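Following: one structure in structure tokens, then a few remarks.
Just so it is clear: chains get the letters A, B, ... in the order the sequence lines come, proteins before strands, and each one is counted from 1. Computed from a predicted structure; not experimentally measured.
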Protein chains: 2
Amino acid sequence: MPSPVRPSPDNGDLAPKQRVQDEIRRDIILGTLPAGTRITETALAKKYGISRVPVREALHALEAEGFVESKPFAGSTVCAIPVDDADDLFAVREALESATARRAAEQAAAQFASGAPDERWWRIRKELAKILDDGDVAVQRDELHRLPELNMRFHLGIAELSGSASLAGLLRQIANKIEWLYASDVGSRGKQAWAEHRAIMAAIDAGHSGDAEGAMGRHVHKSREGYMRRFSGK
Amino acid sequence: MPSPVRPSPDNGDLAPKQRVQDEIRRDIILGTLPAGTRITETALAKKYGISRVPVREALHALEAEGFVESKPFAGSTVCAIPVDDADDLFAVREALESATARRAAEQAAAQFASGAPDERWWRIRKELAKILDDGDVAVQRDELHRLPELNMRFHLGIAELSGSASLAGLLRQIANKIEWLYASDVGSRGKQAWAEHRAIMAAIDAGHSGDAEGAMGRHVHKSREGYMRRFSGK
DNA sequence: TTTAGAACGATTGTATGCAATCCAAGTGAA
DNA sequence: TTCACTTGGATTGCATACAATCGTTCTAAA
């Protein structure tokens with residue numbers, strides 16, 4: 001049996017490589033490892049009590065994700081927060097998520113049309129339902145610190161529902177960077193943003209691809225404006 | 001001295017890991033390794049005469065790029081060509097490259113304004129000049145098979161010129177997938193598309209960020225329409 | 001004092017060996 | 001026949017050992 005409750009997602013049963021990768025990424029996003037920090041495989045291996053090999057693979061993956069930069073035979077350093085790219089990243093995200101929402105709606109329509117229920121589709125759909133419920137509870141109880149993670153899982157879930165692995169992969173990358181942009185100011189995207197998720201989900205469930213695309217586009221656009229207003233002062 | 005001419009980019013002096021990674025990606029894009037092909041580390045290690053470790057890292061990188069899919073303890077398989085995602089990938093690329101072109105123009109303006117010349121900037125700018133010249137020569141001689149690679153290098157070069165590592169990284173990912181979409185039909189994007197590159201470069205050099213953004217956006221949009229017309233029959 | 005050059009330490013890159021895991025074929029009894 | 005179980009092979013995941021490379025520092029000569 002898994003532990004009944006996970007206060008912080010420790011992922012104790014994951015493969016060491018994945019565990020280390022998630023841990024380092026988290027440390028970078030939360031600022032525990034500030035930009036410019038030098039990272040060596042040996043030090044991390046000792047810290048986590050494992051060999052260099054999984055650490056090495058984790059670091060390479062994080063390099064592909066844009067969190068660390070490594071030079072051959074010279075070690076890795078933590079990249080700078082892409083704060084200058086914020087507006088552009090949001091622009092790309094807007095195009096990307098509009099597409100995933102529309103495709104998710106198309107998938108939903110196909111799902112209800114054909115009599116053959118797709119196991120995978122229903123699993124994701126049920127998970128999204130739970131995410132929405134959890135978010136509503138969090139809003140009611142004013143536990144806004146839980147929203148960022150739930151928000152990310154919602155958007156990635158929609159991407160999964162779209163059935164497109166390449167779009168979902170791209171979104172994962174951008175979502176990580178945007179989470180990094182919000183840094184420690186995590187609890188501020190607010191209740192209004194969360195409320196919009198229900199409308200997006202409803203449009204997808206109804207199979208209204210145009211509505212879903214539009215709702216998601218406006219939703220992301222508001223996020224973008226909110227961010228730029230608060231952080232960039234524009 | 002490096003070999004004077006490289007008929008096909010063999011990259012004989014790169015690190016084994018990088019070499020293998022590029023080779024496998026190329027085999028996948030060109031169709032030598034069709035979708036669904038099973039890939040094992042041992043087989044590749046024997047094929048390239050190296051150990052499993054660099055092969056393993058190359059495969060993980062290709063998984064992050066979306067070319068192969070691996071399951072724990074079960075091996076990897078070549079992913080399917082994301083042909084259904086073509087239109088969406090082009091849409092994302094349009095947003096992305098509009099941003100890189102605008103930022104590249106801003107960088108150019110800053111470059112000419114301040115008296116301090118940036119070594120890196122000029123290196124990339126000179127490389128772009130050479131790419132443009134090579135492309136023109138290829139067009140004049142009707143060697144259209146050379147255009148796809150030059151085209152990719154031009155667009156990635158503009159991204160480098162933008163100075164944004166995160167945007168450049170995203171474009172690399174999308175560009176790989178789009179090259180995959182064109183598959184073996186590589187020589188067909190035509191002379192007209194290439195001619196537009198000069199106008200984009202001129203707008204960037206002039207520091208006209210709006211013009212650069214617009215020209216690049218229209219350029220990519222035409223590519224998108226061309227692709228969808230020829231391949232998707234829409 | 002300055003500078004060219006060599007030697008050293010630190011770090012990554014690669015190779016090999018072993019452990020963990022999964023899948024499928026085979027085996028036995030109901 | 002069918003189904004549960006075992007068992008074997010194949011494959012990846014990890015640990016350890018060694019080789020290649022880069023920066024720096026120290027030295028010695030101009």
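- The separation between A:Phe73 atom CZ and D:dT21 atom P is 6 Å, rounded to whole Å.
- B:Gln18 has its CD atom 17 Å from the C1' atom of D:dA20, to the nearest Å.
- A:Tyr48 is not listed as a side-chain neighbour of A:Pro16, based on a closest heavy-atom distance of 4.5 Å or more.
- Look at CD on A:Glu69: it is 14 Å from P on C:dT12, rounded to the nearest Å.
- Regarding B:Lys71, its NZ atom lies at a distance of 14 Å from the C1' atom of D:dT12, rounded to whole Å.
- One N or O on the side chain of B:Gln111 and one on the backbone of B:Asp118 form a donor-acceptor pair closer than 3.5 Å.
- Contact of the A:Ile200 side chain with the A:Ile204 side chain is registered, since non-hydrogen atoms from C-beta on lie closer than 4.5 Å.
- A straight line from CD of B:Glu41 to C1' of C:dA20 spans 14 Å, rounded to a whole angstrom.
- Note: CZ (B:Arg38) to C1' (D:dT12) measures 10 Å, nearest angstrom.
- Salt bridge status for B:Glu160 with B:Arg153: absent, with no side-chain N to carboxylate O gap under 4.0 Å.
- Taking the six-membered ring for Trp and thresholds of 30 and 60 degrees, A:Trp121 and A:Phe112 have ring planes more than 60 degrees apart, a perpendicular arrangement.
- B:Lys17 comes within 4.0 angstrom of sugar-phosphate atoms only, judged by non-hydrogen atoms across all strands, and of no base.
- Taking the side chain as every heavy atom from C-beta outward, A:Phe67 and A:Asn176 approach each other to under 4.5 Å.
- Using a 4.0 Å cut-off on heavy atoms, the residues of residues 46-62 of chain A that approach DNA chain D are A:Ile50, A:Ser51, A:Val53, A:Pro54, listed by number.
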